[in-house]
There are 2 protein chains.
Amino acid sequence: MSINDRINTILNAVVHLYITKAEPVSSEMIVAYYGLSISTATVRNDLQLLEKQGFLMKPHTSAGRIPTDKGYRYYVDQLMEKEVVHLSEEEKEEVREQYKIVRDYNEIMKVTSILISRLTHNLGVVLAPNMIKDTLKDIHFVTLDNQRILVTLVTNSGLFFQKMMKVNCTISDENLEAISQIIKKEFYGKSLEVVNDEMLNQIYHYYFKYQTLDSIWKLMEECFDFTEDETRLFLGNRSYILKQPEFKEIEKLNYFFDFIEEEENLIKIMRKPILENQIDIIIGSELGQDVMEDCSVITRQYLLKGKLRGAISVLGPTRMNYSKSVSVLDFIAEQLSEILSE
Amino acid sequence: MSINDRINTILNAVVHLYITKAEPVSSEMIVAYYGLSISTATVRNDLQLLEKQGFLMKPHTSAGRIPTDKGYRYYVDQLMEKEVVHLSEEEKEEVREQYKIVRDYNEIMKVTSILISRLTHNLGVVLAPNMIKDTLKDIHFVTLDNQRILVTLVTNSGLFFQKMMKVNCTISDENLEAISQIIKKEFYGKSLEVVNDEMLNQIYHYYFKYQTLDSIWKLMEECFDFTEDETRLFLGNRSYILKQPEFKEIEKLNYFFDFIEEEENLIKIMRKPILENQIDIIIGSELGQDVMEDCSVITRQYLLKGKLRGAISVLGPTRMNYSKSVSVLDFIAEQLSEILSE
DNA sequence: ATTAGCACTCTAAGGTCGAGAGTGCTAATT
DNA sequence: AATTAGCACTCTCGACCTTAGAGTGCTAAT
């Protein structure tokens, strides 16, 4: 075993033991738990070295070591076993079971976030599929009552988008049918993004072109305005994260909840472009949020019919089980893509 | 001022001051804050009386008094001003503003839960309108892709219910149209409850009656099975409640979150029948849940087109501002009913 | 290069103490 | 009879101290 191997082993041991025990790791502990054939003094020398290089730190002079963000970074990049799937057959079965029951997209997203929470004991987050780049396949109007119309918009990948519109005059089913035909004729095969743009920019054009249908077009303008970014975010259980020792001071929890309840914060993190089938791990200070410097986020995108769509994440303390979380996200992303695409 | 009036004033003072200051209330404090023209000794005598009768208690011998559940109960039933609306014009305006923006039912529910949280600084909860007693007005099928059909079911009060169905064979639009006609013919004007029952019990009857449409009926059985009680619950912000002093011990928070994340718990409380336009206040031990004995729930139902539908609630520590919470629920229920019924 | 040995440092838990808040009782006052 | 002043008593809370022990870092030996 070369000296470099030994140093790596020791760093790995510190990260592992700290993740498991949530307490600073001492030289003695490392030797004991890893059955190393070197003395604690040697380990101490190596620990000093690792601290000087910025991978480890001590909470106080006479304490064991804990990893720094740099230490975690080195661990996830270099040391962590990525191949091994850290999921038991029971856990996998649980996921499959849950997915068997769900019926609609909302439920799928909700269940996914809960599954991630349960399996990682951190907070699971799901960003619903973005369909702005899908093309328009179909549009339907359903009259709810004489003041409300439900618009359902179906895309080429089988996703749908709904909006309720308020009207101040009754519009006959024939007229609705006519307008849906016109929209299909004009926009079929165009991406929602384009539909949105064209509709907003050229509404008067359509208005004059199909004058017979008069006031409906004003509504269409509103209806096709997707700019408000209807991103839907699903947060799983909070109860697991409360039990993490890092949150035993209520102050930390406050920061954490203030952060996650501002949806923009999470969306910004999860929207970050990631290479297909890759995992994005952001550790502590890398988040660039002072109040979240003790937390990490792991994000993975999922596919729908082969295309990147939404993302799923684990949010927890920097002292989270990274390899387990990665395994969970990998497995769930795979199952989710399958369900959505089937 | 009769002696009874004085006792009531003192009890009222203790509740008020404890709600505001979150600290045991002393005789001196009562006299000071209420400018009473009696001595602290007299107040102490009355406090002793109130304690003997079970309305107050002391955390320890040399501490001030705090209300018992019985004390809170007497307060909300007898002392609390119910008429006065404890909402500022700004707060009301905020509510109206928020409701102006929302577009669909889901969003309305979500916004409502958040508004309740924000205005009460506790947890707001919304139970979505129950439509099982509505009658069937319309049904639509939308083909998403060759394996999925979206069923939209419209009721007489303009609510709708959606379900995604998986099919293993392509069903033509003509057939879908035909079946929607048949369903409308058979079930128009019947309550969803009845539709559900009849569909489940007589599925074979329909199957033979309209044989030409063969396998679709199997799907209908599944589609109309509402028994799984698709109750939708919306929880508002958790961040306010974290800041309440009763939750400074993390243990209490754990119990709280475990409780609210089990949706059944909240549904059971909120489904309890309540007289129209009445408020239901459940205090501490009245909840019958050991772990929640320091929490209270206030529930109010809201109307849709004049009929009781869902419920909105405030969940917080027993030391919550009951009159403010009641005002918030009253105002929001009114606004919500209006929005839903307009 | 590794290790044994040991002095040193710091935390965490426990103990003591006094100040102060607030009560309850008694005796005096209205 | 109801109210009040006066005061002893009780309990908490924070400050301070002490000690055990966990763990380090250095030095000198291997």
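Protein chains get the first letters and strands the later ones, always in sequence-line order, with residue 1 at the start of each. Keep in mind that this is a model prediction, so the values were computed, not measured.
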Legend entry - Distance flag, aromatic centroids of B:Phe247 and A:Phe257, threshold under 6.0 Å: no
Inset, instruction - Using atom CG of B:Asn4 as one end and atom C1' of D:dA2 as the other, report the distance to the nearest whole Å. - result: 15 Å
Provide a list of protein-nucleic acid N or O atom pairs under 3.5 angstrom, restricted to nucleotides 25-30 of chain C.
| unit_1 | atom_1 | unit_2 | atom_2 | d |
| --- | --- | --- | --- | --- |
| C:dC25 | OP2 | B:Gln48 | OE1 | 3.3 |

Legend entry - Gap separating the CD atom of A:Glu93 from the CG atom of A:Leu87, nearest 0.5 angstrom: 12.5 Å
Inset, instruction - Can you establish whether the number of heavy atoms outside A:Asp290 located under 6.0 Å from its atom CG is more than 12? - result: no
Inset, instruction - Answer yes or no: does atom NZ of A:Lys272 have more than 12 heavy-atom neighbours from other residues, nucleotides or ligands under 6.0 Å? - result: no
Inset, instruction - By nearest nucleotide on DNA chain D, pick out whichever of B:Thr42 and A:Leu47 is the more 5' one. - result: B:Thr42
Inset, instruction - Answer yes or no: are there more than 12 heavy-atom neighbours, outside B:Phe259 itself, under 6.0 Å from its atom CZ? - result: yes
Inset, instruction - Report the distance from atom CZ of B:Arg65 to atom P of C:dA21, rounded to the nearest whole Å. - result: 18 Å
Legend entry - Between CD on residue B:Glu262 and CD1 on residue B:Ile267, distance to nearest 0.5 Å: 9.5 Å
Inset, instruction - State the CD-CG distance between A:Glu249 and A:Asn254, to the nearest 0.5 angstrom. - result: 11.5 Å
Inset, instruction - Check every strand shown and say whether A:Ser27 touches a base, only sugar-phosphate, or nothing at a heavy-atom separation below 4.0 Å. - result: sugar-phosphate
Legend entry - Exceeds 12 heavy-atom contacts within 6.0 angstrom, atom CD of B:Gln289: yes
Legend entry - Distance, rounded to the nearest Å, where B:Ile30 contributes CD1 and C:dG22 contributes C1': 12 Å
Inset, instruction - Check the distance between C:dT2's P and A:Ile10's CD1 and give it to me in whole angstrom. - result: 10 Å
Legend entry - Interatomic spacing from CD1 in A:Ile312 to CG in A:Leu115 - rounded to 0.5 Å: 10.0 Å
Legend entry - Side-chain heavy-atom pair B:Val326, B:Ile281 within 4.5 angstrom cut-off: yes
Legend entry - Per-nucleotide pairing state of DNA chain D [Watson-Crick or G-U, under 3.5 Å; [ ] pseudoknot-crossing; | other strand]: ||||||||||||||||||||||||||||||
Inset, instruction - Evaluate the salt bridge (charged side-chain N to carboxylate O under 4.0 Å, His left out) criterion for residues B:Glu263 and A:Lys110: first the C-alpha distance (whole Å), next the side-chain angles of each, then the deciding distance (0.1 Å), finally the verdict. - result: CA-CA 13 Å; B:Glu263 296 200 342; A:Lys110 189 172 166 190; 3.0 Å; yes
Inset, instruction - To the nearest Å, give me how far apart CD (A:Glu51) and C1' (D:dT24) are. - result: 10 Å
Legend entry - N/O (side chain, B:Arg6) to phosphate O (OP1/OP2, D:dT3) under 4.0 Å: yes
Legend entry - Residues forming a salt bridge (Lys or Arg N to Asp or Glu O under 4.0 Å) with A:Asp294, sequence neighbours excluded: A:Lys252
Legend entry - d(CG, B:Asp46; P, C:dG24) in whole Å: 12 Å
Legend entry - Reading 5' to 3' through nucleotides 14-20 of chain D, protein heavy-atom contacts under 4.0 Å coded B for base, S for sugar-phosphate only, - for none: -------
Inset, instruction - Mind running salt bridge (charged side-chain N to carboxylate O under 4.0 Å, His left out) on B:Asp46 and B:Arg65 for me, showing each step along the way? - result: CA-CA 11 Å; B:Asp46 292 346; B:Arg65 301 302 203 295; over 6 Å; no
Legend entry - Value in whole Å for how far the C1' atom of C:dT3 lies from CG of A:Leu36: 15 Å
Inset, instruction - State the OH-CE distance between A:Tyr72 and A:Met320, to the nearest 0.5 angstrom. - result: 9.5 Å
Legend entry - Rounded distance [0.5 Å steps], CG in B:Asp330 versus CD1 in B:Ile298: 10.0 Å
Close N or O pairs between protein and nucleotides 13-18 of chain C (under 3.5 Å):
none

Inset, instruction - Would you kindly say whether B:Tyr34 and B:His16 are connected by a side-chain donor-acceptor distance under 3.5 Å? - result: yes
Legend entry - Interface with DNA chain D, restricted to residues 55-64 of chain A and to heavy atoms under 4.0 Å: A:Lys58, A:Thr61, A:Ser62, A:Ala63, A:Gly64
Inset, instruction - Please state how far atom NZ in B:Lys21 lies from atom P in C:dA21, giving the value in whole angstrom units. - result: 15 Å
